[in-house]
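Written below as structure tokens is the structure these notes are about.
Here, residue 1 is the first one in the sequence, and each next residue gets the next number. Atoms within a ligand are numbered from 1 in the order they appear, just like the ligands themselves. In what follows, every heavy atom counts, from backbone to side chain, and hydrogens, waters and symmetry copies are set aside. Because the structure is predicted, anything quoted here is derived from the model rather than measured.
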Amino acid sequence: MATSSDYRLGEFAFPRGWFMVGESAEATNSPKAMRYLGQDMVMYRGESGKVYVTEAYCPHMGAHLAKNTTSYIVRDGEQIEGDSIRCPFHGWQFGPDGACKNIPYSDFVPKAAKLKTFPVVERAGTVWIWHDPEGLEPNFDLPDFGGHYDAPGWVNWKIDFMGDLDIHPIEVVDNMADYGHFVPIHGAKDFVYFANEFKDHIVHQYYAAGHRTLVTNPDDVLTLDTWYTGPSILQSEMEGTFNSFILITHTPIEDGKIRVWHGLMVQVNDGSAPVTDELREAALQYQEGSRLAFAQDVEIWQNKKACLNPLVIPSDGPYGKVRTWYKQFYTSRDKTPDLHKRTNGLHVTLDKRDSTQAA
Ligand code: FES
Ligand SMILES: [Fe+2]
């Protein structure tokens with residue numbers, strides 16, 4: 001398992017950013033044990049409906065807040081009251097800010113009795129935390145996923161779990177620059193354009209090429225704008241048989257191991273007509289096609305060895321730039337402007353557009 005320090009990414013083992021930690025349905029009034037970013041965590045839904053993620057271990061004597069079924073606190077359903085969580089061991093209760101607010105057998109509540117909490121956003125059927133190695137507030141927002149979730153005429157995604165992979169996330173992010181894999185892995189043909197644009201914490205991939213099977217007309221060109229916002233969230237607006245919107249996201253579990261999810265939202269009509277069961281089924285099949293295409297990358301990642309230094313040739317995409325861009329999330333905030341200066345701008349790998357296409 002190659003780690004962040006093996007790739008010389010920066011000061012931190014785990015990056016700064018928004019990370020998916022589960023689906024909305026997994027957040028309930030029964031606290032769920034999770035492990036991400038090298039830390040044991042607990043997720044629960046308060047009575048207000050809001051989702052909370054805290055460290056897993058009680059500051060009193062270290063009990064795990066979610067791994068218990070036999071304590072009377074758990075059996076009596078007293079663990080979540082309001083938006084607070086109670087430890088199954090001695091019943092200490094922690095509020096939404098993590099501070100202890102009640103000890104059943106003491107009027108004295110020490111200030112140090114505080115659970116570490118993470119900023120949480122629940123959006124589009126998924127739950128996200130902000131992780132920051134410097135303990136700072138978010139400096140960019142969780143994306144709104146094109147505004148397509150629950151939008152008229154769109155079918156929401158069902159999230160596909162793609163597996164826990166023994167690979168460092170940098171090798172997944174490499175895909176942004178990976179011009180050379182689209183023909184052999186994904187069945188692209190007749191490339192027209194491939195470029196990357198770096199803008200601070202965002203990197204785009206602009207793509208135009210034919211495809212063996214995905215286009216109706218053999219001369220049609222698939223045009224994609226795909227981008228990462230931060231270190232873990234890939235989105236793509238795609239035009240094809242349907243307009244659709246991809247999410248691919250990966251969260252470190254340990255340094256060098258990630259959990260990967262995929263989702264696709266599909267526009268089946270302009271919103272003026274109802275979405276029938278048939279259209280919903282067509283959307284799910286379209287998502288399955290997208291999942292299978294992504295699984296082609298996953299199969300490579302599951303079986304490759306770590307690539308600390310790609311043996312890059314001039315016709316490859318800008319792996320080095322993408323990796324330099326990616327370092328900003330492992331680097332203290334005061335040093336990121338320097339990394340932005342080194343990467344910001346457009347890098348064109350291939351341009352065979354005629355003058356009308358270029359316009
Ligand atoms: S260990 Fe949690 S209340 Fe004692
Ligand atoms: Fe790929």
field: Under 2.8 Å: N/O/S of C87 next to atom 2 (Fe) of ligand 1
entry: yes

message: Checking F12 against Y330 for the ring pair (Phe, Tyr, Trp, His ring centres under 6.0 Å) test, could you report, in this order, the C-alpha distance in whole Å, the side-chain angles of both residues, the deciding distance, and whether it holds?
response: CA-CA 5 Å; F12 311 128; Y330 294 78; 8.1 Å; no

Apex the Fe ion (ligand 2) - arms OD1 from D297 and NE2 from H181 - angle rounded to 10°: 90°

- prompt: What are the atoms of ligand 1, with element, lying closer than 4.0 Å to any heavy atom of W92?
  reply: 3 (S)

message: Among the N/O/S atoms of H60, which is closest to atom 4 (Fe) of ligand 1? Give the atom name.
response: ND1

- request: Would you please say whether a donor-acceptor pair under 3.5 Å links the side chains of D160 and Q287?
  value: yes

- line: When distances are taken from atom 1 (S) of ligand 1, the protein heavy atom at minimum range is M61 N, 3.3 Å

query: Any N/O/S atom, backbone or side chain, of Q296 lying under 2.8 Å from the Fe ion (ligand 2)?
result: no

Polar side chain donor-acceptor pair, D297 to H186, under 3.5 angstrom: yes

field: Pair F242-W154, ring pair (Phe, Tyr, Trp, His ring centres under 6.0 Å): steps then yes or no
entry: CA-CA 10 Å; F242 297 108; W154 284 77; 10.0 Å; no

- line: Numbered in order shown, the ligand 1 atoms found under 4.0 Å of a heavy atom of A63 are 1 (S)

statement: The atom name of the N, O or S atom in H186 nearest to the Fe ion (ligand 2) is NE2

- prompt: Do any of the N/O/S atoms of H90, backbone or side chain, fall under 2.8 Å from atom 2 (Fe) of ligand 1?
  reply: no

- prompt: Regarding Q93 and N102, is there a side-chain donor-to-acceptor distance under 3.5 Å anywhere?
  reply: no

message: Tell me whether the NZ or CZ atom of R323 lies within the 45° cone about the ring axis of Y326 and under 6.0 Å from its centre.
response: no

- request: Would you please indicate yes or no on a ring centroid separation below 6.0 angstrom for Y207 and Y179?
  value: no

